[in-house]
Amino acid sequence: MRQPENSAVTPPVDPFSALAADTSARVLRNEWVNAEYKLIVLDAPGLAASAEAGQFFNIECPVVGEDKPFFRRPMSTYAADAETGQVEFLYKVAGAGTRGLATLLDGQTVRILGPLGVGFTLPEHVRSIVIMGRGVGLATLAPLAEMAHRRGVAVTAVMSARGPEQVLSVDRFEATGAAVEIVLDSDGTSDLANVEAILRRLHAQGRADGFYTCGSNRLMLLMKRLAGELGIYGEVAMEQQMACGLGMCFCCVRNFDVDGETVSKRVCWDGPVFPLAEATSW
Amino acid sequence: MRQPENSAVTPPVDPFSALAADTSARVLRNEWVNAEYKLIVLDAPGLAASAEAGQFFNIECPVVGEDKPFFRRPMSTYAADAETGQVEFLYKVAGAGTRGLATLLDGQTVRILGPLGVGFTLPEHVRSIVIMGRGVGLATLAPLAEMAHRRGVAVTAVMSARGPEQVLSVDRFEATGAAVEIVLDSDGTSDLANVEAILRRLHAQGRADGFYTCGSNRLMLLMKRLAGELGIYGEVAMEQQMACGLGMCFCCVRNFDVDGETVSKRVCWDGPVFPLAEATSW
Amino acid sequence: MVDLSVDLGRGLILANPVMPASGTFAEGLARVIDLNGIGALVTKTITEELRGGNLTPRVAEVSNGMLNSIGIPSKGITYFLEHTLPFYRQFTAPLIVSISAPTVDAFARAAARLNVPGIAGIEANISCPNIEEDGKAFAMRPGTTEQAVSAMREVTDLPLWAKLTPNTGDIAAVARAAEKAGADAVVVANTILAMSIDIETMRPTLGNVMGGLSGPAFKPIALRMTYQCARAVNIPVIGCGGIATANDAVEYLLAGAAAVQVGTATFTRPNAMNEVIAGLTEYCRRKGFNRVTDLQAALNAEMLIPDVMEAAQ
Amino acid sequence: MVDLSVDLGRGLILANPVMPASGTFAEGLARVIDLNGIGALVTKTITEELRGGNLTPRVAEVSNGMLNSIGIPSKGITYFLEHTLPFYRQFTAPLIVSISAPTVDAFARAAARLNVPGIAGIEANISCPNIEEDGKAFAMRPGTTEQAVSAMREVTDLPLWAKLTPNTGDIAAVARAAEKAGADAVVVANTILAMSIDIETMRPTLGNVMGGLSGPAFKPIALRMTYQCARAVNIPVIGCGGIATANDAVEYLLAGAAAVQVGTATFTRPNAMNEVIAGLTEYCRRKGFNRVTDLQAALNAEMLIPDVMEAAQ
Ligand SMILES: Cc1cc2nc3c(=O)[nH]c(=O)nc-3n(C[C@H](O)[C@H](O)[C@H](O)COP(=O)(O)OP(=O)(O)OC[C@H]3O[C@@H](n4cnc5c(N)ncnc54)[C@H](O)[C@@H]3O)c2cc1C
Ligand SMILES: Cc1cc2nc3c(=O)[nH]c(=O)nc-3n(C[C@H](O)[C@H](O)[C@H](O)COP(=O)(O)OP(=O)(O)OC[C@H]3O[C@@H](n4cnc5c(N)ncnc54)[C@H](O)[C@@H]3O)c2cc1C
Ligand SMILES: Cc1cc2nc3c(=O)[nH]c(=O)nc-3n(C[C@H](O)[C@H](O)[C@H](O)COP(=O)(O)O)c2cc1C
Ligand SMILES: Cc1cc2nc3c(=O)[nH]c(=O)nc-3n(C[C@H](O)[C@H](O)[C@H](O)COP(=O)(O)O)c2cc1C
Ligand code: FES
Ligand code: FES
C-alpha cells in the first residue's frame, strides 16, 4: 500500500537528464528592427540552443523602475543554433515585461527557460507548404521555413502586415528559397477575399499540401476553412497568457475541437503548435 | 456641532508654507571615506539646505537587486549649506537601504525628506562644551561643533573609535578650532574609566558646562551620570527605527525619564536630540 | 472640469474622495504638504483612557509592505479635545476622529464625547479586541459589530463610520451588520494580521510577535473585500489598503468604493495623497468621466459571475 | 553533515522538508529538475468527477505576487490512477495526492480510492466550496472541517493532511478541529481571496472576478497562520505561502512548521525547491544546527507575549 519507508533516502535510479533548462543567457545584441520590435541575440549554450521550430522559452524579464513583471514572458524561438550556442527572439515591446527586456544591454544576463512545448511537424506526405503569418507571428514561423528547407519541402510565405515597415524577416524566408508574397493593409491586399484567392491559387498550383499559420485569428480561421474544404493538413501556433510554461498551472488553456468535442488544452504543454483542424476562434 | 457644509470646497485661508520638503536631490559625490563609511554630497536647494545641527532627513534608498528597502532611512545632517544648496550625509553601509544608497552615482537623484526633528540647542549659559561621540555618532555631532564655533562657544571633542581608521571627521572638528582628544579601543584609551577621567579633568579645567553625545549607549550613560553629579547641562542625539519621520506612526518611541516618570517619546518628533537628563539606556 | 466631490451621507460632502488612513497621519504632515487639499483628515485612533502602545520594534519591512504593532498609544480624549483638536480647526478639510474602546459601553461613552465643534465625523476602529469576548475584535463578527455600532449610533448624530477588520471569514456579513446598526459608512479595511522572523537573531521582527500587514502587498486582499462589501451594503464603502498611486485609487472606486484612504504610502511618499488626487482628475478626464462618482458604477460587469467565497481554488 | 529528514507522522519520513504546493507542480517539472531531490511530490488537486476549471484569464500579476482562479480542472480519479500515477512511480520521493470534493461523503469516497501502491499520503484540499453549506469552504469553519476529515479518516490508513484556507477568522480553531478529527498534519495555507482590476478595460483582471493571492506578498500572512497553528496543535504543520528562498523556508521552520511547500516560486524559478533545500543545509551548518528539525524549537521566545488575534491595532 503506502510505502513511506522506502520513500526516504534512496538515491535516484537513473542519472537525471533534463529536456529543458533554465539557462542564464548572456546578451550579445538587443537591437530595434523597426519602431516596435527588437531582436535579442543570446549566448545560451546547452539545451536552449537545441530548440526546434515552434518551441518557445519562458523569459525572466528584468524589473525596471515601475515595471515589475512578476511572471516570465513566453517567446517563440526566432532562431536557435546548437553549434554556435546562440538563441534569438524577435519581440514586440508592449507592456511591463517586454519593456524590461528591451532595456537589456550587451553582456547582461537573462534567464530563459526552454525549449518548451511542442513545435511544428512536417508529416511525410507534405512536400510543399504555405506559411502564412502576421505581425510577430512571422517570428514564430521563420524557423519553420528553415526546417522545411532542410527537409526539402518547398515553402511559399504569405506575409501579412499593416504596412511595408511591419513586414518582418522577409530575408529569413527568402534565404531559405521560399517564395514570398506580401499582403498589406495599406494597399488593401491583405483583405480576406484576396488572401483566400491567393491560397486557392497556390493550392491549384500544387504548392499547398500543408498550411501553417500564426499571429492572426482571422487568418487562422480562413486557413482552417480552406484546409477543411480542400483536405489540406495544417498547423497553427497559438498564444495564451502563461505563468509556468511547463504545464503545471493550467492558466494557459484554450478550447479545441477534437472530433466534435470541445476539449480544453494547455497551450504551453499540448502546444503551442496545434493541428489546424482542432483550433477554435480566440 | 459638526460642520459638514462649510467643510467642502473653501480654499485655504493662509497660503501654505512648508517647514520641510521632500526634495529630489542630485548626487554630486558619493565616496568611500573608509572601509565602512561613505560620504554623499547632494545638490538639494530650498528647505533641505536650511537644516540645523542635529536635524535629520528621511531618505528614499534605491531598490537594487535583492535589496528592496521599503521604508526610508533616517540620516543626520552631516552638513547643510543654504548658500550652496548642498546637503551631505556620512553613512555606514550596513543593510539593504544603505547598500542601495551606496550604489548611487553622480548625477542620479534621491528623495530626501527634511529637515526633520529637533536639533541641538546651546543655552545662553553654556560657554564651553564637550562633544563626545563614537562611530557614526560623530557625523551627527560635527555640525554642532560648527554651530558652537559660530556662537563663540568653545568645544572639546572626545572622539571614541575602535582604531585610528574609524575616527571620523577629525578635520571637521579641528577646522572649528575644537580641541580634539581621541580615545581608541585598540590602545585601551577608550575604556570607561579613562574617559571618565578625561571628562572630570575637562570639567575641572572649566571646559565643560555642556555635554553633548551621540552614538554610544555606554558613553551616554557615563555623561549622564557625570552631568547629574556635576550639574552640567547635556543633550543626546538618539536613534530608533523609523517609518514616517514626521511623528505620525509612533514606531520610533523610546522611554524617557521626565521628573521621575517614565514617558514615551517619538525620537523623530520630540527629538532626535533630547535632554541628557531625560535619557534612559537603550 | 472633473467633479471630484463625494457625498458620504448625513450631510458630509468631501471636496474629493481622498483622505489619510487612521494611524498614518498626524500634525507632522502639515509641515510638508497643504492639508487643505485633502478630502478629509482622519486622526490616529484615540481612546478614552491613557494607553501606552506596544513593545518596540513596532514596525518591520516585508516584501512590498510593512508590518506594524504600534498598538494604540493614546493620551485620552480629554487631552485630544484640549490640545489636538485646536490644531485641526485651522484646516478646512473636515476632521474625522478615530476612536476605539475595549467594551460596547466604552465605545458609546467615547462617541458621546465627540459632539463638539470641529469634529465632522467619527470613525469607529472596531478592529480592536473586545475584552468582553475573549479579546476577539468586535469587527470579527457581525453580532459584536452590531452591538458596538448601535451603542454609538444612539449617542451621536455625527456621521459614524465603522472600520472593519480583514481578519474575519465573512467581511460582507460584518458590513451588513454595521449598516443595520446605523453606520453611515464602512471603512474596508484595517491591517491583516501577519508576522515575520529575523533568521539571524531567530526572533520575530516585531516586539509584539505579530502585527498588521499594510502597503502594496495587502492591496489585492483589501480591494477584494471592498468589492464584496460594496455589493453587500447600500451605505458608502471607503476603500483602504495599499493605495499608493491614483491607479490604485481608481481600482478601488471601480470596485465600488465611494472614497479611499491612503495609509502606508504617506510614510514613503509624504505627498502621496496629493498625487492620488491629481491622478484621479487626470484619469477621469482621459476616460471621459465628468464626476468621480461615476467610477463607482463603471466596472465592466458583463461577465461577472456570482460571488463565490472560494473562487480561488 | 546536516540531517534534513523530517518525520510527518504515520511512518512518513521525508528526506528533506521541502515539497511542491498543490497546483504548482506537475509532470512538466521533471523536464527541468531532478524530482528525486525533493522531499515529497504533491499533485494538483484532483476530484472524483470530471471538472472543467474556470474562465480565462485565470492568472494576473500583482505587486510581488499573483492571483489565480484556475479552479480545479480534473480528469477524475480513474484517469489519475491509470495515467498519472504510473509516471510518478518512477521517482523515489513519496507521492502525496491532493483531493477535493463538494460534500463530506464525496471526500470519503475519493480518499478511499487512493489506497493503492505508489501513493504515500493524501492532502485534502478542504479550502473548496461545500455545496451542502451554501458554498462556504469546509476549512472556513471548525465544524465542517471536522466532518470532512473524520469521514476520510474512517476510510484510509494513509497519512492524511488537511490543507487549510486563510479565508477564515480563526485558523487555529480550524487546525484544532482537523487534529481532533484525525488528520496527521495540517498544511497552512491555501491562497487568500483577492482581486485586481484593469483600469484601462475597467474589468477584473481574472475571468472569475476574484481569485487567490499567492507569492511573496502573501508570505507574512501565511507565516503568521503557520505560527498560530503550530502553537495550537500537536500534529506537524506544513507551512506554505510565498516561500521563494531558503531564508523564507527558515522563517517557516522557526515559526514551528515541520516542513514547507513551495508554490508560485517554481513558476518564476523552476529550480526554487532545490535552491531552498541547498540553502537550508547551508543555514543549519552556519548556525550550528545538526538537524533541520531543531529549527522548530529555536524561535527566541524570551519576550513572546500571549497570542492576541488583534495584535495589529
Ligand atoms: C508561445 C508564445 C510565443 C510567443 N512568442 C512571441 C514572440 O516571439 N514575440 C513576441 O513579441 N511575442 C510573443 N508572444 C507574445 C508575448 O508573450 C507577449 O507579447 C508578452 O507576454 C507581453 O508581455 P508584456 O509584459 O509586454 O505585456 P503585458 O500586457 O504587461 O503583459 C501582462 C500579462 O499578459 C501576458 N500577455 C500579454 N500579451 C500576451 C500575448 N500576446 N500572449 C501571451 N501572453 C500575453 C503577459 O505574459 C503577462 O502575463 C508569444 C506568446 C506565446 C504564448
Ligand atoms: C535620527 C537618526 C539619524 C541617523 N543618522 C545616521 C547617520 O548620519 N549616519 C549613519 O550611518 N546612520 C545614521 N543613522 C542610522 C541609520 O538610520 C541606519 O544605519 C540605517 O537605517 C540602516 O539601514 P540599513 O538598510 O542599512 O539597515 P537594515 O538593517 O537593513 O535596516 C532595517 C531597518 O532597521 C532600521 N535601522 C537599522 N539600524 C538602525 C539604526 N541604527 N537607527 C535607526 N534605524 C535603524 C532601518 O532604518 C530599517 O528600517 C541615524 C538614525 C537615526 C534614527
Ligand atoms: C503604523 C500604522 C498605524 C496604524 N494605526 C491605526 C489606528 O490607530 N487605527 C486604525 O483604525 N488603523 C490603523 N492603521 C491601519 C491603517 O489605517 C490602514 O487601515 C492600513 O494600514 C491599510 O492601509 P494602507 O495599506 O494604505 O496602509 C495603522 C496602520 C499603520 C501602518
Ligand atoms: C496556479 C495555482 C494553482 C493552485 N491550485 C491549487 C490546487 O489545486 N489545490 C490546492 O490545494 N492549492 C492550490 N493552489 C494553492 C497553492 O498550493 C499554495 O497553497 C498557495 O499558492 C500558496 O503558496 P505559494 O505562495 O508558495 O504559491 C494553487 C496555487 C496556484 C498559484
Ligand atoms: S503556463 Fe502553466 S500550464 Fe501552461
Ligand atoms: S518615525 Fe513615525 S513617528 Fe517617528
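Convention: sequence-line order gives letters A, B, ...; per-chain numbering from 1. Values reported hereafter were calculated over all heavy atoms of this structure, with side chains retained and with hydrogens, waters and symmetry mates removed.
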(message) Taking the side chain as everything from C-beta on, heavy atoms only, tell me whether T56(C) gets closer than 4.5 Å to Q241(B).
(response) no
(request) Could you tell me which residues satisfy side-chain hydrogen bond (donor to acceptor under 3.5 Å, both in side chains) with E239(B), sequence neighbours excluded, listed by chain and number? (result) none
(request) Return the minimal non-hydrogen interatomic distance between F25(C) and M248(B), and the atom names on each side. (result) CA-SD, 3.7 Å
(message) So, taking the atom named CG in L246(B) and the one named OG1 in T24(C), what distance separates them when rounded to the nearest 0.5 Å?
(response) 11.5 Å
(request) Heavy-atom distances under 4.5 Å only: say whether A30(C) touches chain B with side chain, backbone, both or neither. (result) backbone
(message) Would you compute the distance between atom CZ of R31(C) and atom CG of L47(B) and round it to the nearest 0.5 angstrom?
(response) 12.0 Å
(request) For the pair E61(C) and K68(B), find out whether any cationic side-chain nitrogen is under 4.0 Å from an anionic carboxylate oxygen. (result) no
(request) Measure the spacing between CD1 of I72(C) and CZ of F250(B) and express it to the nearest 0.5 Å. (result) 11.5 Å
(message) At a 4.5 Å cut-off on heavy atoms, which part of V253(B) comes close to chain C: side chain, backbone, both, or neither?
(response) both
(request) Count the heavy-atom pairs under 4.5 Å between each of V59(C), N271(C), T264(C) and chain B, then report the option with the highest count. (result) V59(C)
(message) Please classify the contact between A217(C) and chain B as side chain, backbone, both or neither, with a heavy-atom cut-off of under 4.5 Å.
(response) neither
(request) Report the residues that fulfil side-chain hydrogen bond (donor to acceptor under 3.5 Å, both in side chains) with T262(B), sequence neighbours left out, ordered by chain and then residue number. (result) none
(request) Please list, in residue-number order, every residue in residues 16-23 of chain C that has a heavy atom less than 4.5 Å from any heavy atom of chain B; write 'none' if there are none. (result) G23(C)
(request) Taking the side chain as every heavy atom from C-beta outward, state whether C251(B) and I70(C) have any atom pair closer than 4.5 Å. (result) yes
(request) For E52(B), look at atom CD and say whether over 12 heavy atoms of other residues, nucleotides or ligands are found less than 6.0 Å away. (result) no
(message) At a 4.5 Å cut-off on heavy atoms, which part of S63(C) comes close to chain B: side chain, backbone, both, or neither?
(response) neither
(message) If we define contacts as heavy-atom pairs under 4.5 Å, which of S264(B), C252(B), P69(B) has the most with chain C?
(response) P69(B)
(message) A quick test of your reading: do over 12 heavy atoms of other residues, nucleotides or ligands sit less than 6.0 Å from CZ of R218(B)?
(response) yes
(message) Is the shortest side-chain heavy-atom distance between R111(B) and P270(C) below 4.5 Å?
(response) no
(request) Enumerate the residue pairs fulfilling salt bridge (charged side-chain N to carboxylate O under 4.0 Å, His left out) with a member in residues 251-280 of chain B, sequence neighbours excluded, ordered by first and then second residue. (result) K265(B)-E278(B)
